Number of protein chains: 2
Amino acid sequence: MSIANISPLVRMADKLALHAPISVEDRVSLLELPYASRFFEAGSYLLRDGDTRDQCGMLVSGFAYRHKINVEGLRQIVSIHIPGEVYDLQQLHLATADTNVQALTRCEIATIPHEALRRLAAERPSVAHALTVTTIVELSMSREWMLGIGRRDARTRLAHLLCEFAFRLDKHGLPPGQAYELPMTQEQLADTLGLTAVHVNRVLKGLVNDGLIVHNRRGVTIPDWAVLVAQGGFNSRYLHMNPPDAIVRPPDHA
Amino acid sequence: MSIANISPLVRMADKLALHAPISVEDRVSLLELPYASRFFEAGSYLLRDGDTRDQCGMLVSGFAYRHKINVEGLRQIVSIHIPGEVYDLQQLHLATADTNVQALTRCEIATIPHEALRRLAAERPSVAHALTVTTIVELSMSREWMLGIGRRDARTRLAHLLCEFAFRLDKHGLPPGQAYELPMTQEQLADTLGLTAVHVNRVLKGLVNDGLIVHNRRGVTIPDWAVLVAQGGFNSRYLHMNPPDAIVRPPDHA
DNA sequence: TACCATAACAAACATATGTTAGTCCGACAA
DNA sequence: TTGTCGGACTAACATATGTTTGTTATGGTA
């Protein structure tokens, strides 16, 4: 089977398997879900506060960010989404969205009808469980971010975020990959950290000067994982990831 | 039927009904759940980071708060729980807890075996749905708090929190009750708002001086709901509450 | 009544972070 | 080549919030 014929839904199955046991049969049933695929340019809204949906959207490629805006127009980014994640799973249970989701880069979206997903969840409790765990992990992550914004200083906050990205983007080996793409502007970083762009610039340069990270155009590399982890006070437990060998693949996919 | 014989689980059913449709049969089945009841003193830990559970705990009376602690020992309170709420629902799906929950006041806890709750959820999709919605609403609330900590100034943040409490504690009429019990110390308020106790004191006094609230020993009263709402930039949509008449009660409970 | 713990309150001072207002630079289009 | 634009970057200054330290109420208790 050529790469071109692999369903984009494998990304979703892989992602679910990071947090909950997914059997071979579960995986097959996920790949049989109906879907439609489409591209969005960077900056497009994938979901708007107040929207109603009858389909779920999964990021096949690219990045997206979720944000809220207060009465003064200030923006707070409350989560970043990476490929394989369903960014509007909650709309399966709630009538209207309470956040905005915007494309961070150009990205490909696969949409799956709510009805099909509901049917699958009803038939396969393990899939339903995996979807629920997904939401719970999002909750856990948002609490960790609250701790950061409320009780960590700017430098620690930024280091922690960079660790989190490294960990989540990693194929799940240890230690996480030393280099990754970070397509966020300093203003966007500021809005996720509860800082200003100017201060992000200061702190970012501080981390670079002190050799904790290398930050060349659009990418970050981490020379010493342990050092950055220490600076960020990072502990991956809140991400609730399974050990890598918990990921089960159908035999024909190996 | 005398008050003394009413199961504490009605509080849970009422709470679920705030967010999702609960039929009379659902309600009856909830009241038939096995449970054990017990009291905890203020300050007791109801759940610790890392704990494993085989029962869920519901607050029958009293208040509790959930918090995380960073490497420097600084504490961030990430949610406040009020009667009727199940504070460790997530342990139904996750092996270990990632937050601490501590009693804010002396409180009564009813524990329900996971097994019984799982069986009920499997039998009654509407109950399963209501439980899921509960988690999603917690996620929504935590995102709103992130917005506050990251992008609202101290005064607005405090006003918003006071509005939220008024709204959640209210029996759900409009406008919310003008007075309620607030058994939190200024240090606890500080830890939920991402401030220091000293600054909470300053800001609290500011709100009192300007007539936005009256703050007499352990309680808050709100002379003009609209004014405080404006100061806090408060919009209750993120709480995802049903209109009051959506709450269905069994006939013998009216 | 005295004692003790806890919380509220206050003032002086310190600083992390925000604000404003620019310059510089690379990417891209005409 | 020139022009435009967004983003990175800088510097001087402003301020919201934190820190430290202590005093004052309050409530429980012996």
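Scope of the values below: all heavy atoms of this structure, side chains included, with no hydrogens, waters or symmetry mates. Quick caveat, the model's predicted, so the values are computed rather than measured.
One can place CD of A:Glu72 at 14 Å from C1' of C:dG18, the figure rounded to the nearest angstrom. Protein atom CD of A:Gln186 is 8 Å distant from nucleotide atom C1' of D:dC9, rounded to whole Å. A:Leu74 has its CG atom 14 Å from the C1' atom of C:dT17, to the nearest Å. Straight-line distance from the CG atom of B:Leu189 to the C1' atom of C:dA7: 12 Å, rounded to whole Å. As rounded to whole Å, 12 Å separates atom P of C:dA7 from atom CG of B:Asp191. The distance between atom CZ of A:Arg155 and atom P of C:dT15, rounded to the nearest whole Å, is 18 Å. Rounded to a whole Å, the CZ atom of B:Arg157 is 13 Å from the P atom of D:dA16. Atom CG of A:Leu158 is separated from atom P of C:dA16 by 17 Å (rounded to the nearest Å).
Listed by chain and residue number, B:Asp191 satisfy the salt bridge (Lys or Arg N to Asp or Glu O under 4.0 Å) test with B:Arg75 (two or more places apart in sequence, or in another chain). For A:Arg237, the side chain to side chain donor-acceptor pair (under 3.5 Å) test picks out B:Asp49, with sequence neighbours left out. Remark: B:Arg157 engages no residue in a salt bridge (Lys or Arg N to Asp or Glu O under 4.0 Å) (not counting sequence neighbours). Among residues two or more places apart in sequence or in another chain, the ring pair (Phe, Tyr, Trp, His ring centres under 6.0 Å) test is passed with A:His160 by A:Phe234, A:Tyr238.
The closest side-chain donor-acceptor pair between A:Thr99 and A:Arg66 falls under 3.5 angstrom.
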Listed pairs, N/O of protein and of nucleotides 18-25 of chain D, under 3.5 Å:
{"residue": "D:dG18", "atom": "OP2", "partner": "B:Thr196", "partner atom": "N", "Å": "3.1"}
{"residue": "D:dG18", "atom": "OP2", "partner": "B:Thr196", "partner atom": "OG1", "Å": "3.1"}
{"residue": "D:dG18", "atom": "N7", "partner": "B:Arg202", "partner atom": "NH2", "Å": "2.9"}

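Close to C:dC9, at under 4.0 Å from its OP1 or OP2, lies a side-chain N or O of B:Asn201.
Counting only residues at least two apart or on different chains, no ring pair (Phe, Tyr, Trp, His ring centres under 6.0 Å) pair has a member in residues 35-61 of chain A.
Each of A:Val203 and B:Glu187 was assigned the nucleotide of DNA chain C with the nearest heavy atom; the assignment lying further toward the 5' end belongs to B:Glu187.
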